[in-house]
Amino acid sequence: MICPKCKENKAHRSRRSGVKDWLASLMLWIPYRCRACKERWYVFPYSRSSLKLRSPEERRVIKLRRG
């Protein structure tokens with residue numbers, strides 16, 4: 001995943017912590033964190049904007065999975 005702040009390909013899914021994260025998970029929002037700049041944000045996995053944050057390798061895998 002590419003960080004929207006620093007544009008590095010060093011972001012990963014973050015663990016949920018606290019009420020805010022659990023409420024966001026009810027709306028299908030997934031927390032991510034960047035290893036480079038420590039920025040934290042939420043991604044709705046089924047939106048077009050989430051595909052823009054994916055690396056080219058991740059996009060190929062998603063395309064293969066969808067068939």
Side-chain angles (χ1 to χ4, degrees):
M1 180 71 73
I2 298 169
C3 175
K5 182 178 179 184
C6 68
K7 307 297 186 221
E8 293 286 329
N9 188 13
K10 295 187 178 189
H12 61 92
R13 284 182 71 159
S14 182
R15 289 192 176 130
R16 292 183 195 104
S17 61
V19 176
K20 181 181 175 184
D21 284 352
W22 288 102
L23 290 174
S25 71
L26 292 175
M27 308 267 279
L28 301 177
W29 289 88
I30 300 170
Y32 280 84
R33 181 177 306 275
C34 179
R35 289 185 184 107
C37 69
K38 306 298 185 209
E39 179 74 12
R40 194 163 191 271
W41 70 95
Y42 295 90
V43 173
F44 185 67
Y46 305 108
S47 69
R48 290 192 183 268
S49 63
S50 72
L51 283 177
K52 291 177 187 176
L53 296 174
R54 305 283 181 173
S55 67
E57 295 84 19
E58 289 175 305
R59 282 187 230 139
R60 278 197 297 270
V61 170
I62 290 170
K63 188 176 180 179
L64 287 172
R65 285 184 182 169
R66 290 182 181 165

Any idea how Trp41 and Tyr32 line up, ring-wise: parallel (<30°), tilted (30 to 60°), or perpendicular (>60°)?
parallel
Applying a strict under-4.5 Å side-chain criterion to I, L, V, M, F, W and Y, I'd like to know whether Leu26 and Val19 cluster together.
yes
For Ser25 versus Arg16, what's the shortest heavy-atom pair and its separation?
CB-NE, 3.1 Å
Does Arg33 reach the side chain of His12, with side-chain heavy atoms less than 4.5 Å apart?
yes
Would you indicate whether Arg13, at its atom CZ, is surrounded by more than 12 heavy atoms from other residues, nucleotides or ligands within a distance under 6.0 Å?
no
Can you tell me how far apart SG (Cys34) and CD (Glu8) are? Round to the nearest 0.5 Å.
7.0 Å
Considering only heavy atoms from C-beta outward, does the side chain of Arg40 approach that of Asp21 to under 4.5 Å?
yes
Side chain to side chain contact (heavy atoms under 4.5 Å, CB included), paired with Glu39, selected from Cys3, Cys6, Pro4
Cys3
Same hydrophobic cluster for Tyr42 and Leu28, using side-chain heavy-atom links shorter than 4.5 Å among ILVMFWY?
yes
